[in-house]
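Residue numbers begin at 1 in each chain, while the letters A, B, ... track the order of the sequences. As a basis for the values below, the full set of heavy atoms in this structure was taken, side chains included, without hydrogen atoms, waters or symmetry mates.
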Amino acid sequence: MRFDQSMRYVALRRAAAAMVLVAGLGMGVARAASVTLTETGSTLLYPLFNIWVPPFEKAHPGIRVTTQGTGSGTGIAQAISGLVQIGASDAYMSDAQLKQHPDILNIPLAISAQAINYNLPGLNNRHLKLSGPVLAGIYTGKITRWNDPAIEKLNPGVALPNHKIIPVHRTDGSGDTFIFSQYLSFSTPSWANSVGYGTTVSWPAVPGGLGAQGNPGMVEALKQNPYAIAYIGVSFHAEVSRAHLGKAMLENRAGHFVLPTAQTISAAAGELVSKTPADERISLVFAPGADSYPIINYEYAIVNARQPNAETANAVKALLTWASNEGNNPQYLKQVEFMALPASIKTLSADQIAKIHG
Amino acid sequence: MKNLTPFRLSLAGLALIIPGALIAIVFFLTTYSWKAIGFNGFGFLGTINWSLGNLYANPVHQHGYLVPPGAKYGILAFIVGTLLSSFLAILFAVPISIGTAMFLAEKAPANLRAPLTMIVELVAVVPSVVFGLWGIFVLVPLIAHVIGPAITATLGFIPFFNMNNSTGSGYGLLAASIVLALMITPIIATTLYDALNQVPRELRESAYALGATHFEVATGTMLPTVRVTLIGAIVLALGRALGETMAVLMVSGGALNYLPGTLFTPISTMAAFILSQLDSALQDPSEMAVKSLAEIALVLFLITVIVNAAARLLARGTVRVAQL
């Protein structure tokens, strides 16, 4: 009987696959003039692409866009191999990778930021002050208790609990790990020399530490574990506040403690806009300026300048141009807590988009 | 030559597809990871430090290989995590499976037998990601607040069973083992149930006629008869547990650079680690990271083969002992 059931299941699946195939062929015939673009990569950009696609397709009837959230590294790899036209990544490509693939462009689509959240019973409505060196201490296991003198010094008058800290990190490759480890690297030389930065880093063995899968996993780990601390992309702001978790004020390069707000994120971006090079690969982490929030980044589209044909090239250009202009409208960005690109960055992007050809 | 009918030839061709695919996979893994095997040497299996290195710096030459600066690949912690979680899962699953199969075959009311069997079989087809979700939202808090403290209270004097020596978060070795045990129990139970149904009626009736109790019939007559099937089922289940990826990834706590000191410590298994690292490894311009992940896959494959072979030898051994 078991065997029968599994056979029927297989047969059903085949039938479904065949139907999808037939439907796909039918659509291909019906829309012979249309171009289909595929986007894959960053799970942080994925919700934004899903918000963008319907209005974009409405404005460009000949172009269809399919989206997928697979991870930044996958986005870059598949854009390079030509499997997809648009790879989404929270991290820009490295020099070495670009040298191997000189045709690949890194084009910013929006600005994102990251919050440091914690679950401290009784203190979640207070914004604790934390610095890069203190966070580095927590994530290397040198600072193990919430009432450690280093944390108390930053938060005079706060009754910090004498309880073990549970530092939570991402186990999957992630742009969040990339910008968090950059903040620690740029602010704390010992972290830069031992761990460094990347979409995955070799986390020091902290006996009380914990790994979580994806941003949803980070939120869940915080919810379930009092005294835990984690880094979470601001797109998850709604989930974090629903869970009544705390949000830290972070020390910026100027030594001021700031929360991630529209104003502090724009201030940080403003400081580095003029330094953004023509290929637009730059870290916005730990920006100078009194009001700058220290953990922000460009969200990138990774695109091959050489597309298989002129139609595809034009469709890619249309999508990227739309995304970095109309798509930067607050009505779209606000839903994922992203910030719009400054005007001068849009100009740099337009120059890069112009390089795309068939 | 009269045996070479088209029918026979086509059947042979079909039968060769699976072994052919197996050989192709092993061949691919070996050739693809060849550079990593050369770079890592035996330290790969014997050390616990894993780092992709600085993927944003230019690759450097090290022992004649081009790798990202600071890259080191040691997988001992993942081997230990894989074996520990799988063996614990077997330890949990086997008694439950035997009890379930015995109940279904011998003691279940006749009208309940069919629906109960179906439910057990149904558990076997639940996708592993569903087990993972259940693990995160139900099992992990349960371990953190109920199971963990209870084990600590009774066995806490042994450091391995003391939750206070770990994160105390519920994510870790025990959560992974329980999720795995749930996934493999129906495999063992249904196989065993089918085998118990094949035991000749005369055998158990003669045992009863000799005055054996229910318990004696079960342990003295029924179980020894299906011993080989039981070991076969365990091997099958172990294979599933060793290779399980998603569910384990979701509840294991993703340990890196240390070995599990307690039942509650986070672990990483080889399969889960390959999945969680692949995305970042793709950014390595020297490709050593991806090749080292392929080497993990090769080692996992070898471990599965060794475990299988060992279990088969064990099964053959018990058959011989039974025949003596």
**Q.** Proximal to chain B - members of residues 163-171 of chain A, heavy-atom separation under 4.5 Å
**A.** A:K164, A:I166, A:H169, A:T171
Q: Could you pull out the closest heavy-atom pair between A:G209 and B:P266, with the gap in Å?
A: O-CG, 3.7 Å
Q) Does atom CD1 of B:I18 have more than 12 heavy-atom neighbours from other groups under 6.0 Å away? A) no
Q. Is it the case that B:D279 and A:T74 place a side-chain donor and acceptor less than 3.5 Å from each other?
A. yes
Q) Considering only heavy atoms from C-beta outward, does the side chain of A:S94 approach that of B:L55 to under 4.5 Å? A) no
Q: Quick one: pull up OG in B:S276 and CG in A:D172 and give me the separation to the nearest 0.5 Å.
A: 7.5 Å
Q. Which residue pairs pass the ring-ring contact (aromatic ring centres under 6.0 Å, His included) test with at least one member in residues 112-145 of chain B, sequence neighbours excluded?
A. none
Q: Identify the heavy atoms of B:S51 and A:S202 that sit nearest to each other, and give their distance.
A: CB-CB, 3.3 Å
Q.
Less than 4.5 Å to any heavy atom of chain B: does that hold for the side chain of A:T70, its backbone, both, or neither?
A. backbone
Q. When you look at A:V206 and B:Y258, which way does the side chain to side chain contact (heavy atoms under 4.5 Å, CB included) test go after all the steps?
A. CA-CA 9 Å; A:V206 179; B:Y258 60 89; over 6 Å; no
(Q) Between A:A91 and chain B, with a heavy-atom cut-off of 4.5 Å, which part of the residue counts as in contact: side chain, backbone, both or neither? (A) both
Q | Reported OG1-to-CG distance for the pair A:T199 and B:L282, which is rounded to 0.5 angstrom | A | 9.5 Å
Q. Do you know which of B:L256, B:L275, B:T265 has the most heavy-atom pairs with chain A at a distance under 4.5 angstrom?
A. B:L256
Q) So which heavy atom on A:A96 is nearest to which on B:P59, and how close? A) CB-CD, 3.7 Å
Q. Shortest non-hydrogen contact from B:N54 to A:Y197?
A. OD1-O, 4.2 Å
Q. Of the listed residues (A:Q97, A:Q213, A:K223), which shares the most heavy-atom pairs with chain B below a 4.5 Å separation?
A. A:Q97
Q | Side-chain donor or acceptor of A:Q100 paired with backbone N/O of B:S286 under 3.5 Å | A | no
Q) Top residue by heavy-atom pair count (under 4.5 Å) with chain A, among B:L278, B:I48, B:L249, B:V251? A) B:L249
**Q.** Over 12 foreign heavy atoms within 6.0 Å of CD, B:E287
**A.** no
Q: Give a yes or no on whether the backbone of A:W203 and the side-chain of B:N257 come within a donor-acceptor separation of less than 3.5 Å.
A: yes
**Q.** Least distance between heavy atoms, B:I136 atom then A:Q224 atom
**A.** O-NE2, 2.8 Å
Q.
Restricting to non-hydrogen atoms, name the atom on B:Y56 and the atom on A:Y92 that form the minimum distance, rounded to 0.1 Å.
A. OH-O, 2.5 Å
Q.
Heavy-atom cut-off 4.5 Å, strictly under: side chain, backbone, both or neither for B:L52 against chain A?
A. side chain
Q. What part of A:F178 gets closer than 4.5 Å to chain B, counting heavy atoms only: side chain, backbone, both or neither?
A. side chain
